[in-house]
Protein chains: 2
Amino acid sequence: MRLMRNSTLRQLKVFEAVARHLNYTRAAEELYLTQPAISMQIKQVEENVGLPLFEHLGKRIHLTAAGRELLALCRDIFGKFAEFEMSVADMKGMKKGQLRLAVITTAEYFAPRLIGPFCQHYPGVDVSLQVINRESVLQRLADNLDDLYILGQPPENLEVHSQPFLENPLVVVAPRDHALAKKKCIALKRLAGEPFLMREPGSGTRMAAQRLFDEHGIKLNIRMELGSNEAIKQAIAGGLGVSVLSRHTLALEGERGPLTILDVQHFPIQRHWYLVYPAGKQLSVVARTFCDYLLAEGRRISRK
Amino acid sequence: MRLMRNSTLRQLKVFEAVARHLNYTRAAEELYLTQPAISMQIKQVEENVGLPLFEHLGKRIHLTAAGRELLALCRDIFGKFAEFEMSVADMKGMKKGQLRLAVITTAEYFAPRLIGPFCQHYPGVDVSLQVINRESVLQRLADNLDDLYILGQPPENLEVHSQPFLENPLVVVAPRDHALAKKKCIALKRLAGEPFLMREPGSGTRMAAQRLFDEHGIKLNIRMELGSNEAIKQAIAGGLGVSVLSRHTLALEGERGPLTILDVQHFPIQRHWYLVYPAGKQLSVVARTFCDYLLAEGRRISRK
DNA sequence: TTCTATCATAAGTTAAATATTATGACACAT
DNA sequence: ATGTGTCATAATATTTAACTTATGATAGAA
């Protein structure tokens with residue numbers, strides 16, 4: 001049995017035509033071939049299968065059991081090809097595609113609201129969103145596992161294309177009943193005494209805040225390191241201290257929620273969210289469209 | 001998009017190997033080819049698809065969305081081929097197959113009990129049994145729609161191979177309380193007065209009985225023509241007359257049932273059931289095996 | 001019987017697929 | 001900077017699939 005090894009799709013198509021007409025000559029006409037061409041192809045396929053596919057009785061031919069199975073196989077395969085071709089056609093026209101995003105955890109506070117409208121506009125596009133820590137994002141970036149990445153700061157050791165698309169203001173967050181809550185223009189050094197809650201070292205937010213305080217020669221009193229922004233917010237609400245967070249993490253907090261933003265000098269620290277992908281990577285149509293959309297959306301939000 | 005038109009299974013296999021290794025050189029080694037051969041094949045497939053299948057980043061390559069879809073297609077298709085090849089292998093070894101039988105209605109009284117054990121012995125064989133009247137059987141035979149046919153007498157106007165495999169004794173059936181029920185060696189002419197129930201003209205049983213009576217110059221009093229053996233049995237039980245039937249139709253009637261067999265001279269008429277198929281037809285392995293089985297079974301039953 | 005439709009076979013041609021060798025370009029690691 | 005691994009390209013060779021023409025065999029219809 002060497003069907004797969006030796007046969008060609010063409011032979012299967014010839015077979016299918018013959019099986020449909022149950023007549024070599026008709027099949028030949030349909031395919032613009034001579035009848036002997038058909039005879040030969042069928043003979044080949046039968047040799048490859050190892051069993052007769054047609055039964056010849058007088059001038060009429062009939063499918064054998066093996067022939068019926070092969071016909072089913074052909075129809076099945078041709079169908080799969082047709083499906084595939086449609087998929088590809090859709091991909092070409094952006095009616096269909098995949099968009100694999102990997103974003104740093106803090107982006108979870110705003111990314112879904114940007115992605116949502118995009119998905120609605122292109123319902124054929126499957127978007128997968130990985131929300132992981134910075135280190136994992138960089139690893140996936142290096143392994144080229146996704147189409148696009150969102151980071152709070154572009155990686156330095158990898159060759160990438162990166163583009164800021166949205167402001168990322170870092171603010172000082174405190175409980176609403178904090179002593180400084182109502183003050184205006186709080187001096188930076190007033191924070192020196194406050195117990196600080198921070199993400200782990202390596203966090204972009206932490207590094208940016210650290211740099212600001214270092215520049216002003218202020219030593220922070222770091223009370224606790226916590227593994228997620230949400231944990232920090234809970235801790236602040238619990239009165240364990242204050243922290244520097246992206247304002248996006250407070251998007252869902254109301255005017256009367258348990259947290260508030262302190263009006264500290266030099267804050268908000270203006271950072272940006274970056275759209276990143278490996279240098280030299282040829283983006284898919286979907287990914288390019290998404291980039292354009294994100295940039296436009298970023299500008300729109302800034303103007304407001 | 002001309003994937004189906006222009007590509008070959010070989011190209012898909014090359015693609016699959018590359019997609020698996022994500023490395024042209026490795027794929028080339030696996031297929032005992034040189035690397036440029038791979039490059040060319042992939043280029044061809046990409047042209048046929050109309051989209052890149054791989055993304056080249058530095059020395060590493062990755063599948064594009066289209067590539068992933070094509071890989072899925074390949075695996076799918078290769079799987080179908082494998083299934084088909086297994087099917088065919090099974091057919092060759094009788095582990096699998098189809099057996100399409102068309103039998104004349106009277107055969108329904110014994111055919112299932114012959115077919116049953118065969119099915120049990122070859123559980124991979126799908127048996128389909130058409131129970132239809134003689135005319136339909138002959139039509140199907142002429143159209144070569146089945147593997148084998150069972151008839152009470154071989155057709156005369158068609159070229160067929162036919163072989164008797166089981167005795168088919170025709171007997172005179174009467175109600176158990178019939179006047180002649182207890183008599184021995186009833187003379188044929190005693191039946192002349194009896195009201196007779198018969199199948200329609202053309203029925204083999206009817207023709208055989210008619211011939212016997214004609215030979216002895218006896219004119220039958222045909223009271224009623226009925227369309228099935230079961231209907232005739234009901235009518236006999238209802239006292240509407242007597243009839244000539246295959247003894248097989250009484251197989252399930254008990255010793256004390258409402259019907260009995262009259263011991264009439266020249267009865268039972270010894271006829272046979274015939275296994276028939278078109279002359280020159282190459283029987284499938286399954287059909288041949290079933291023939292052998294039926295003949296052996298027929299001999300076994302006769303000996304008893 | 002003769003004619004016609006149908007498939008098989010043989011010989012030879014054409015065209016296409018597939019391959020190789022040789023070489024170049026490029027990224028990455030040392 | 002150099003070397004190594006990897007893919008691309010060009011020129012060319014080889015194989016083989018696919019097709020045609022010509023002819024033969026056979027079955028069924030006229």
Side-chain angles (χ1 to χ4, degrees), chain A residues 2-3 5-15 17-19 21-48 52-63 67 142-144 157-160 278-282, chain B residues 2-15 17-19 21-48 52-64 67 142-144 157-160 278-282:
Chain A
R2 297 146 299 177
L3 185 70
R5 246 183 350 131
N6 295 338
S7 291
T8 65
L9 287 174
R10 170 129 196 95
Q11 288 175 346
L12 294 187
K13 249 198 320 233
V14 168
F15 167 78
V18 174
H21 291 290
L22 288 177
N23 179 315
Y24 285 34
T25 312
R26 291 298 94 67
E29 283 165 11
E30 175 180 317
L31 300 170
Y32 302 106
L33 294 175
T34 56
Q35 166 267 313
I38 305 290
S39 287
M40 281 194 309
Q41 298 289 32
I42 296 298
K43 202 169 136 195
Q44 287 257 4
V45 178
E46 287 185 329
E47 263 170 35
N48 290 332
L53 300 170
F54 295 101
E55 186 190 353
H56 299 246
L57 261 174
K59 27 172 93 169
R60 284 196 292 172
I61 64 177
H62 303 270
L63 281 169
D143 293 343
N144 190 36
N157 51 344
L158 293 170
E159 293 219 1
V160 298
K281 175 167 176 132
Q282 179 66 33
Chain B
R2 296 146 301 176
L3 185 68
M4 179 78 201
R5 239 177 5 122
N6 295 337
S7 291
T8 65
L9 287 174
R10 170 136 197 91
Q11 288 175 345
L12 294 187
K13 245 193 329 229
V14 168
F15 167 78
V18 174
H21 290 291
L22 288 177
N23 180 314
Y24 285 34
T25 312
R26 291 297 95 67
E29 283 165 11
E30 175 181 317
L31 299 171
Y32 302 105
L33 294 174
T34 56
Q35 166 266 313
I38 305 288
S39 286
M40 279 194 308
Q41 297 289 32
I42 296 298
K43 203 169 135 193
Q44 289 256 5
V45 178
E46 286 185 329
E47 264 170 34
N48 290 332
L53 300 170
F54 295 101
E55 186 190 354
H56 299 246
L57 260 173
K59 35 171 87 168
R60 282 194 293 173
I61 64 177
H62 303 270
L63 281 168
T64 62
D143 293 344
N144 189 35
N157 51 344
L158 293 170
E159 293 218 1
V160 297
K281 174 165 174 133
Q282 178 67 33

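Fair warning: this is a prediction, and the values are worked out from it, not measured in the lab. To find a chain, count down the sequence lines: A is the first, B the second, and so on, and within it residues start at 1. These values consider heavy atoms only, across backbone and side chains, with no hydrogens, waters or symmetry-generated copies.
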Next item on the list: May I ask you to verify if any side-chain N or O of B/Asn23 is less than 4.0 angstrom from the OP1 or OP2 atom of D/dG5?
Entry: no
Note to self: Between P on D/dC7 and NE2 on B/His21, what's the gap in Å once rounded to a whole number?
What the structure shows: 12 Å
Next item on the list: To the nearest Å, give me how far apart NE2 (B/His56) and P (C/dC28) are.
Entry: 14 Å
Next item on the list: Can you measure from CG (A/Asn6) to CZ (B/Arg10) and round to the nearest 0.5 angstrom?
Entry: 10.5 Å
Checklist line | A/Gln35-A/Ser39 side chain donor-acceptor pair, cut-off 3.5 Å | finding: yes
Item checked: From CG (B/Asp143) to CG (A/Leu57), nearest 0.5 Å -> 11.0 Å
Notebook entry, point to check: Would one find a side-chain N or O of A/Arg26 under 4.0 angstrom from OP1 or OP2 of C/dT6?
Noted result: yes
Checklist line | Separation of D/dC7 C1' from B/Tyr24 OH (nearest whole Å) | finding: 7 Å
Check: Under 4.0 angstrom, heavy atoms only, what part of the nucleic acid is A/Thr25 near: base, sugar-phosphate, or nothing?
Finding: sugar-phosphate
Check: Rounded to the nearest 0.5 Å, how far does CG of A/Asn144 lie from CG of B/Leu63?
Finding: 11.0 Å
Margin query: Regarding A/Glu46 and A/Lys43, does a basic nitrogen lie under 4.0 Å from an acidic carboxylate oxygen?
Written below: no
Next item on the list: To the nearest Å, give me how far apart NZ (A/Lys43) and C1' (D/dT16) are.
Entry: 16 Å
N/O-N/O pairs, protein side and nucleotides 16-21 of chain C side, under 3.5 Å:
from	atom 1	to	atom 2	distance (Å)
C/dT18	OP1	B/Thr8	OG1	3.2
C/dT18	OP2	B/Gln11	NE2	3.1
C/dA19	OP1	B/Arg10	NE	3.0
C/dA19	OP1	B/Arg10	NH2	2.7
C/dA19	OP2	B/Gln41	NE2	3.2
C/dT20	OP2	B/Thr34	N	2.9
C/dT20	OP2	B/Thr34	OG1	2.5

Checklist line | Rounded distance [0.5 Å steps], CD in A/Glu29 versus CD1 in A/Ile38 | finding: 10.0 Å
Checklist line | Whole-Å distance separating the CG atom of B/Leu57 from the P atom of D/dC7 | finding: 13 Å
Checklist line | Nearest-angstrom distance from the residue atom NE2 of A/His62 to P of C/dT6 | finding: 14 Å
Next item on the list: Grab the CG-P distance between B/Asp143 and D/dG28 for me, whole Å please.
Entry: 13 Å
